[in-house]
Novice: 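Mind looking over this structure? Questions follow.
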Amino acid sequence: MKNDVPGSANEQEIPSNWGRWGADDELGTLNLITEEARARGAAEARTGRAVSLAQPIRPEPLASGPFAPTTREVSPVQHLMQYTGGAPATADMMLVTNHHARSTHLDALGHQILDGQVYPGRPLAESVTPAGVRHGSTAAFAAGIATRGVLLDLAFEGPLPAGHPITPADFEAAEARQGVRLESGDALVVRCGWVYAIDPARPMPGISLDAVRWMHRRGVSLYAGDLGDAHPPLDPAMPGPLHRVALPRLGMPLIDVAELEELAIVCAELNRYAFLLTVAPPRIHGLTGVPVNPLAIF
């Protein structure tokens, strides 16, 4: 498999799961969530306390056009009321932008393309069509996701510095500080303490390629973070290690722009950084991604 990023690291240094679970695989690293891994997560739900990891969304009326306000950000959800009269029920329609920076969403494996191929090496032309995604779609999430989630709070003393490259040393220091260790099949939840916003004067921190290699070695099944890839890229020779390596090469689904402030508060209060993580997206097939409301249950 050729490296599609000119001048990037040697191909042998970039991890891949292509072929690991067969040529038709659509689960990717979700295959690592075995019955044992799922039971390990279920064992963390001891009190029933639940925390949402999703950003709240306030829809905007679909009837906007030239009259849309210019002083506020566009919502990822636009809605149209179908009936608001005196009947015993009302209804509406929604137009949803799945990959939006103000919507916590789950990326399917068909979202990122590598050398004209979709994980694990299926041609793009037979995988993603104008009528929908045939391979690597949200159909892989039909049974939902339930496993042990582990929060590694890198912002315990405040937000990470601008442009900070997140490395395995950051992860392992958090494990030691919190008294937890990530195991194969676990979901990795990373708090950077930032709100996702592209600001040229304040470069984002982000996941490094070394950190993706670490996730591969540890057997991470799913990544969720308030940030992921840095903007601008940490390494122009390998931009976006999460979306250019973890997603298309490892087959690791990503939960983008998670809301982790309440989770960090609860974890610190309970002194527990592992929990049952459940993700139950709507069962809509053929998409490249879908908004989700992940729950951490203690």
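Note: hydrogens, waters and symmetry copies are ignored here, and every other heavy atom, side chains too, is used.
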Novice: Can you sort out the partners of E157 under side-chain contact (heavy atoms from CB on, under 4.5 Å), two or more places apart, ordered by chain and number?
Specialist: none

Novice: Contact between M81 and D92 at the side-chain level, heavy atoms closer than 4.5 Å - yes or no?
Specialist: yes

Novice: Please give me the minimum heavy-atom distance between A162 and R202, naming the atom from each residue.
Specialist: CB-CG, 4.3 Å

Novice: For residues F156 and L152: do they belong to one hydrophobic cluster (side chain heavy atoms under 4.5 Å, members Ile, Leu, Val, Met, Phe, Trp, Tyr)?
Specialist: no

Novice: If you count the non-hydrogen atoms of other residues, nucleotides and ligands that lie under 6.0 Å from CD in Q82, is the total more than 12?
Specialist: yes

Novice: Once rounded to the nearest 0.5 Å, what's the spacing between atom CD1 of I57 and atom CE of M94?
Specialist: 9.0 Å

Novice: Give the C-alpha distance, both sets of side-chain angles, the deciding distance and a yes or no for side chain to side chain contact (heavy atoms under 4.5 Å, CB included) between L154 and V190.
Specialist: CA-CA 7 Å; L154 308 185; V190 177; 3.8 Å; yes

Novice: Between E26 and R122, does any side-chain N to carboxylate O distance fall below 4.0 Å?
Specialist: no

Novice: Does T167 offer a backbone N or O that forms a donor-acceptor pair with the side chain of D170 under 3.5 Å?
Specialist: yes

Novice: Run the salt bridge (Lys or Arg N to Asp or Glu O under 4.0 Å) check on E13 and R213 step by step: do they pass?
Specialist: CA-CA 9 Å; E13 299 176 0; R213 294 188 184 105; 3.7 Å; yes

Novice: Out of curiosity, does W194 fall in the hydrophobic cluster containing L254 (side-chain heavy atoms, cut-off under 4.5 Å, transitive links)?
Specialist: yes

Novice: Measure the shortest side-chain to side-chain distance between I166 and L160 over non-hydrogen atoms and say whether it is less than 4.5 angstrom.
Specialist: yes

Novice: May I ask you to test the P248-Y119 pair for a side-chain heavy-atom distance under 4.5 Å?
Specialist: no

Novice: Would you confirm whether E259, through its side chain, and E261, through its main-chain N or O, come within 3.5 Å as a donor-acceptor pair?
Specialist: yes

Novice: Are the side chain of H164 and the backbone N or O of M204 linked by a donor-acceptor pair below 3.5 Å?
Specialist: no

Novice: Step by step, would you call W18 with Q117 a side chain to side chain donor-acceptor pair (under 3.5 Å)?
Specialist: CA-CA 11 Å; W18 285 26; Q117 296 173 296; over 6 Å; no

Novice: Does any N or O in the side chain of S208 come within less than 3.5 Å of the main-chain N or O of A211, such that one atom is a donor and the other an acceptor?
Specialist: yes

Novice: Once rounded to the nearest 0.5 Å, what's the spacing between atom CD of Q55 and atom OG1 of T104?
Specialist: 4.5 Å

Novice: In a table with atom names and distances, give each donor-acceptor pair under 3.5 Å that connects a side chain of residues 278-294 to protein atoms at least two apart or in another chain.
Specialist:
{"residue": "T288", "atom": "OG1", "partner": "H99", "partner atom": "NE2", "Å": "2.8"}
{"residue": "N293", "atom": "OD1", "partner": "S52", "partner atom": "OG", "Å": "2.6"}

Novice: Is the backbone N or O of F298 less than 3.5 Å from a side-chain atom of T47, with the two atoms forming a donor-acceptor pair by type?
Specialist: yes

Novice: Does S75 reach the main-chain N or O of R58 with its side chain, forming a donor-acceptor pair under 3.5 Å?
Specialist: yes

Novice: Under a 4.5 Å side-chain heavy-atom rule over Ile, Leu, Val, Met, Phe, Trp and Tyr, are L260 and V195 clustered together?
Specialist: no

Novice: Are the charged groups of R40 and D186 less than 4.0 angstrom apart, N to O?
Specialist: yes

Novice: What's the shortest heavy-atom distance between D153 and A264, and which atoms?
Specialist: OD2-CB, 3.8 Å

Novice: Take M252 and L222, measure what side chain to side chain contact (heavy atoms under 4.5 Å, CB included) needs, and give me the verdict at the end.
Specialist: CA-CA 6 Å; M252 183 184 296; L222 173 72; 5.6 Å; no

Novice: Which heavy-atom pair separates L188 from F171 by the least distance, and what is that distance?
Specialist: CD2-CZ, 4.1 Å

Novice: Does the pair H111 and N98 meet the rule for a side chain to side chain donor-acceptor pair (under 3.5 Å), with working shown?
Specialist: CA-CA 11 Å; H111 177 48; N98 289 329; over 6 Å; no

Novice: Are the side chains of L109 and H135 in contact, using a 4.5 Å heavy-atom criterion?
Specialist: no

Novice: When rounded to the nearest 0.5 angstrom, what distance separates CG in L27 from CZ in F141?
Specialist: 9.0 Å

Novice: Spell out, yes or no, whether L53 and V77 are grouped together once hydrophobic residues are joined by side-chain heavy atoms under 4.5 Å, including indirect joins.
Specialist: no

Novice: Flag the pair E183 / R148 as yes when at least one side-chain heavy-atom distance between them is below 4.5 Å, and no otherwise.
Specialist: yes

Novice: Output side-chain donor-acceptor pairs under 3.5 Å for residues 223-236, partner residues at least two apart or in another chain, one line each.
Specialist:
{"residue": "Y223", "atom": "OH", "partner": "L227", "partner atom": "O", "Å": "2.7"}
{"residue": "D226", "atom": "OD1", "partner": "C192", "partner atom": "N", "Å": "2.9"}
{"residue": "D226", "atom": "OD2", "partner": "C192", "partner atom": "N", "Å": "3.1"}
{"residue": "D226", "atom": "OD2", "partner": "G193", "partner atom": "N", "Å": "2.9"}
{"residue": "D229", "atom": "OD1", "partner": "L242", "partner atom": "N", "Å": "2.8"}
{"residue": "D229", "atom": "OD2", "partner": "H243", "partner atom": "N", "Å": "3.0"}
{"residue": "D229", "atom": "OD2", "partner": "H243", "partner atom": "ND1", "Å": "2.6"}
{"residue": "H231", "atom": "NE2", "partner": "Y196", "partner atom": "OH", "Å": "3.3"}
{"residue": "D235", "atom": "OD1", "partner": "A237", "partner atom": "N", "Å": "3.0"}

Novice: Any side-chain heavy-atom pair from V150 and V189 closer than 4.5 angstrom?
Specialist: no

Novice: If you take all heavy atoms of S127 and V118, which pair is closest and at what distance?
Specialist: CB-CG2, 3.8 Å

Novice: Are the side chain of S221 and the backbone N or O of L30 linked by a donor-acceptor pair below 3.5 Å?
Specialist: no

Novice: Step by step, would you call L277 with F275 a side chain to side chain contact (heavy atoms under 4.5 Å, CB included)?
Specialist: CA-CA 6 Å; L277 180 70; F275 40 84; 4.3 Å; yes

Novice: For R272, I'd like to know if atom CZ has over 12 heavy atoms of other residues, nucleotides or ligands within 6.0 Å.
Specialist: yes

Novice: L151 and R191: side chain to side chain contact (heavy atoms under 4.5 Å, CB included), yes or no, with the steps?
Specialist: CA-CA 7 Å; L151 171 67; R191 176 174 174 256; 4.1 Å; yes

Novice: Answer yes or no: is there an ion pair linking R177 with E172, defined by an N-O contact shorter than 4.0 Å?
Specialist: no

Novice: D107 and side-chain contact (heavy atoms from CB on, under 4.5 Å): which single residue from I255, D256, T138 fits?
Specialist: D256

Novice: So which heavy atom on L209 is nearest to which on V245, and how close?
Specialist: CD1-CG2, 4.0 Å

Novice: Hey, are the side chains of P120 and W21 touching, using non-hydrogen atoms and a 4.5 Å cut-off?
Specialist: no

Novice: Apply salt bridge (Lys or Arg N to Asp or Glu O under 4.0 Å) to the pair R20 and D25, showing each step before the final yes or no.
Specialist: CA-CA 9 Å; R20 180 176 179 181; D25 180 53; over 6 Å; no

Novice: Charged N to carboxylate O below 4.0 Å: is that the case for R134 and E126?
Specialist: no

Novice: Does a side-chain N-to-carboxylate-O contact under 4.0 Å join E44 and R46?
Specialist: yes

Novice: Which distance, rounded to the nearest 0.5 Å, do you find between the CD1 of I14 and the CZ of R244?
Specialist: 10.0 Å

Novice: How about P253 and T29: do any of their side-chain heavy atoms sit closer than 4.5 Å?
Specialist: yes

Novice: Group every Ile, Leu, Val, Met, Phe, Trp and Tyr by side-chain heavy-atom contacts under 4.5 Å, then state whether L32 and V212 land in the same group.
Specialist: yes

Novice: Minimum heavy-atom separation for P241 to I207, with atom names?
Specialist: CG-O, 3.5 Å

Novice: Measure the spacing between CG of N17 and NE2 of H216 and express it to the nearest 0.5 Å.
Specialist: 5.0 Å

